Amino acid sequence: MSFRGSEGQIHPTTPPLSEPSGWHDISLTVNGEPVSAQVESRLLLTDFLRHRLRLTGTHVGCEQGSCGACSVLLDGVAVRSCLTLAVQANGRDLRTVEGLAGPDEPLTALQQAFHEQHGMQCGFCTPGFLMSLAGLAEHGGTPSSDELDEHLAGNFCRCTGYVNIRKAARQAFGLPGPEEASRG
Amino acid sequence: MADGNSSRFFGRSLARVEDDRLLRGQGCFVDDLDIPNVVDIAFVRSPYAHARILSIDVTAARTMPGVVAVYDGASVVDRIKPLTNSEELRVPEGIAALNPVVKIQPAPILAVDEVNYVGQPIAMIVAETRYLAEDALEVIEVEYETLPAVFDMEAALEPDAPLALQGEADNIGVYVRHSIGDVAAGIAAAAAVVEETFATQRYVAAPIETRGMVAQSDPFTGGLMVWSTTQTPHRVRDHVAESIGLSVDEVRVQSVDVGGGFGQKGILVVEELLVPFAAHDMGRAVRWIADRHENLTADAHAREQVHHITLAADADGYLLAVKDRIVVNLGCRNMVGLVVPYNALCHLIGPYKVRNVDLEATGVLTNTTFTSPYRGAGRPEATFAMERAMDRLAAKLRMEPAELRERNLIRPDEMPYRTGLLDRRGLPQEFDSGDYPEMLSRAVDMIGLSEFRQKQELARHEGRHLGVGFALYLEMTGLGPFEGARVEVMPSGRVRLYTGAPSQGQGHRTVFAQLLADALGVNLTNIDVVAGDTASIPYGVGTIASRALVTAGNAINQAGGLLKQRILTHAAEFLEAEVADMQLEGGRISVKGTPAVELSLAELIRIVPKLAGGSGSDGLSETSYFQPPNYATASGLHATIVEVDPATGRLDILDYVVVHEAGRIVNPMIADAQVVGGVGQGIGGALSEHMQYDDQGQPITSTFMDYLIPVSSMVPDIRLDEIVCPSPTNQLGVKGLGEGGAVGPPAALANAVEDALQPFDAIVRSGPLSPSRIRDLVRDPNHS
């Protein structure tokens, strides 16, 4: 639950319970919007996003930093939000899958590529792949096919066997698909 | 299609209607539900593999901040019935004639006096947040007295083995033996006999979304609303109602967006009874989302089997007899009966002809987490044993393994083929259709077998080790007893389809809509699919056992046909025309020959209650259940070329080919992706996944840093080919293929590795083929 303050800021409601390690006030930008909140020291960024801001597109797959389903962009860099404390996001720019395409906007080229190449089945890991690749797009220039494949190894998918995810990623980065690559 | 409908959508690779919201982060998985004042659950779990509980003290936990309630075994033992997966434990009449052992060993809801695996739930803490619930876990005091324990399934069969479950006479949970012909005579007459032991290691299905559930009391009826990750919502409904003493009508279970299942979410676990119980007991919404540690250690495991197999053949390689003693690790108790052991047994022989067969399967209790079906459910394990044994036999006969297979295949003109064995229903096992020789011939061509043999020889001279491996399997799909579909025209004119078979990512909203669009004559975009809501259709089974397309698909086709007839009848009355002259195409109803007169479904639905024919009618709605008369038998052939580096144990998959056959294909894009996804999981199992325990029964692969599911770089691009042998068992001619892809890789890759390591005389007897195992095989060919 959250409300929008007079100055346009989003203020999630702080739960009533205290917690031994105390509270911190944080302010950050989430998908372009200013947010300020009270958070417990130990609150994970995933839980802050999912349960306080109701941005549930960021998924929790392992809480061990392995699977990458919780990937978000922190100052433009893909991070595991399950290994990040909410307080660490203070003063920073955070972007989640909800920020890729607005509700009334068409899908981004990256999202569209996952759709067209059937690079997703259950869709649970998909936001993590999207944010990981969005981070690469912003900071990595145009990767080679090998670099892209290497990058994809940071996220787990249990449904697709990855073949169509690689196709989607190559389409999004304007690289030849695997068939063309193997012929060439 | 059926009833002469045009196939406007069947067979087309249409992009999925599911994707848009999932890509925007707008999906609604169970943990995404926004339920006011929901409280979270954490479980106290056994740290011991086998122990007596002397005392449990939850007093301190009750006073911890944010704790709402604490339940232990004593507080629920008289209030919730123990869990028995009764649907899976049923023994069909025909199988009963084999005098099997199927012990009913209900799972205690929370342990009261004994724990018999690490991870068994002992107490349930309900608190304002999961953080606070986990804080309270720390202060629960449990006193244990350890008991002797056993972890190895063959050791558990020794006469002096410790009992894995107190009060049982032995560690056998399941036993069945099934033989035909004269195996001894077959072996005696053989020119070549192979006797080997092949083992499949323990796996975890580990979907990226773990199991979870949210339950809430219904303020209007006192009943329960349950949102669940289950693959079988109607079964959850029935079990929840029975266990806490509600009527089935008072419990509504809805499958929400689900992040993969693969069988792990296909059987019930005690947590799924406890969560609704807590909601009912407290009158408050409760939520439990397993964390990854719980998923890997305390949710269903799978696959662990040993096969002591004997193949006997004449000098030309024709199989004379097959004998297999199968041992299955059931874990802590018999949860799902004959399902996996019998599936392994009746799929062992696969596509081969052999008339002397003696198969025995024993399910053994050990002090490990319970096991249950996982994608393939006994078939990957059986295929590993049989296809490895076929390669050993080929080596003995100095024959090309593909040639040995070719000689023994069932021919298409022998279809339908009866094996002489009984299928899982206890009826004569009959393969409905297939063309195994064609599949093999295509795979041999695709992989370029003869050129490969030359290349392999040259490579060996250069010190490089290449190998080729084949694996054939078949899969009896479309398990009954039924699935249903309800279809109705909504007030807006859109058509809604309800079925009991939910999706865990398979794309039901697209594929089922394709079927209904054709059956009705409406556009795909005008159909909404609701799968897995028990309030929308009274009966259902679920999405397990490669059954959804066969069973729900045909129910949809039937219901669509009935609804179309009903639409045309009402429209004919309104338009004063003959029913036979009416047509429904693209969602428009018209009279043949007079296209100017048109009626939309939105117009018709408003008129129906006012028509004479609408009196006494239930509007534009139809329900149909489909009962498959037999299994639809799909099949697949995997062929792979690998390079192994004996110095480092590194394995590279140079080529991977799948030729599959699953009847008529509704959406080739989705079907291919199901196959490839299965192959990905199979490669994980073949090369890296291994759920391991230490010698105290502690799970030691309890994170994704230890339990190694494959990443992108492990799965090569898969080359696919397909043949189509429509199933005569259903009107759509479809077969299931959800599991198939996962069946082949362990056998195909092991065969390829053994072929590559032929200069070392290594025999691959078990997986996974990690670099260290490959090094072990190079150092000691008899390393198991």
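No experiment lies behind these values; they were computed from the predicted model shown. We name chains A, B, ... by the order of the sequence lines, and we start the count at 1 in each one.
- Of the atoms belonging to I670(B), heavy atoms from both backbone and side chain fall under 4.5 Å from chain A.
- For a residue to count as touching a neighbouring chain, one of its non-hydrogen atoms must lie under 4.5 Å from one of that chain's; by this rule P710(B) touches chain A with backbone and side chain alike.
- Taking OG1 of T703(B) as the reference point, atom CD of E63(A) lies at 13.0 Å (rounded to 0.5 Å).
- Using a 4.5 Å heavy-atom cutoff, the side chains of F29(B) and T56(A) are not in contact.
- Side-chain contact, Q121(A) with Q674(B): a donor N or O sits under 3.5 Å from an acceptor N or O.
- Heavy-atom distances place the backbone of E105(A), and not its side chain, under 4.5 Å from chain B.
- Contact annotation for T126(A): only side-chain heavy atoms (C-beta onward) come within less than 4.5 Å of a heavy atom of chain B.
- For the pair F704(B) and S66(A), the tightest heavy-atom approach, listed with the atom from each and the gap, is CB-CB, 3.5 Å.
- Both the backbone and the side chain of D31(B) come within contact range of chain A, each with at least one heavy atom under 4.5 Å from a heavy atom of that chain.
- Contact of L43(A) with chain B is made through backbone and side chain together, with heavy-atom distances under 4.5 Å.
- No other option in R375(B), M669(B), R719(B) has as many heavy-atom pairs under 4.5 Å with chain A as M669(B).
- Residues L100(A) and R24(B) form no side-chain contact, since every pair of their non-hydrogen atoms from C-beta on lies 4.5 Å or further apart.
- Both the backbone and the side chain of V676(B) have a heavy atom closer than 4.5 Å to some heavy atom of chain A.
- Contact of L107(A) with chain B is made through backbone and side chain together, with heavy-atom distances under 4.5 Å.
- A distance of 11.5 Å separates SG of C82(A) from CG of D291(B), quoted to the nearest 0.5 Å.
- Both the backbone and the side chain of L44(A) come within contact range of chain B, with heavy atoms under 4.5 Å apart.
- Contact annotation for H115(A): both backbone and side-chain heavy atoms come within less than 4.5 Å of a heavy atom of chain B.
- With a 4.5 Å cut-off on side-chain heavy atoms, S713(B) and Y162(A) do not count as touching.
- Pairing each heavy atom of V163(A) with each of P716(B), the nearest pair is CG2-O, 3.5 Å.
- Contacts between Q26(B) and chain A at a heavy-atom distance below 4.5 Å involve the side chain alone, from C-beta outward.
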task: Tell me, with the steps shown, if Q111(A) and D19(B) meet side-chain contact (heavy atoms from CB on, under 4.5 Å).
output: CA-CA 9 Å; Q111(A) 291 166 310; D19(B) 292 354; over 6 Å; no
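- The residue among D257(B), V715(B), I718(B), V679(B) with the most heavy atom pairs within less than 4.5 Å of chain A is V715(B).
- Per-residue heavy-atom pair counts under 4.5 Å with chain B were compared for G57(A), C159(A), G102(A), and the maximum is reached by C159(A).
- Taking all atoms of both residues into account, the shortest heavy-atom contact from F156(A) to I208(B) is CB-CD1, 3.8 Å.
- Heavy atoms of L33(B) lying under 4.5 Å from chain A belong exclusively to its backbone.
- Per-residue counts of heavy-atom pairs under 4.5 Å with chain B were compared for T58(A), T96(A), V97(A), L110(A); the largest is that of V97(A).
- Ionic pairing of K167(A) and D717(B) is not present here: no N-O contact between side-chain nitrogen and carboxylate oxygen is shorter than 4.0 angstrom.
- Chosen from N155(A), T160(A), I165(A), the residue pairing most often with chain B at heavy-atom distances under 4.5 Å is T160(A).
- Nearest heavy-atom pair, A673(B) versus N164(A), reported as atom, atom and distance to 0.1 Å: CB-ND2, 4.0 Å.
- At distances below 3.5 Å, not a single donor-acceptor pair connects side-chain atoms of R16(B) with backbone N or O atoms of H118(A).
- Within the 3.5 Å criterion, the main-chain N or O of F124(A) finds no donor-acceptor partner in the side chain of E209(B).
- Proximity of a side-chain donor or acceptor of Q64(A) to a complementary backbone N or O of M705(B) within less than 3.5 Å is not detected.
- Between chain A and the residues S13(B), G684(B), G677(B), the largest count of heavy-atom pairs under 4.5 Å involves G677(B).
- Residues C122(A) and L22(B) come closest through the heavy atom pair O-CD1, 3.7 Å.
- Side chain of Q681(B) to backbone of R158(A): a donor-acceptor contact under 3.5 angstrom is found.
- Contacts of E98(A) with chain B are made by both backbone and side-chain atoms, with heavy-atom separations under 4.5 Å.
- When all heavy atoms of D32(B) and R54(A) are compared, the pair lying nearest together is O-NH2, 2.6 Å.
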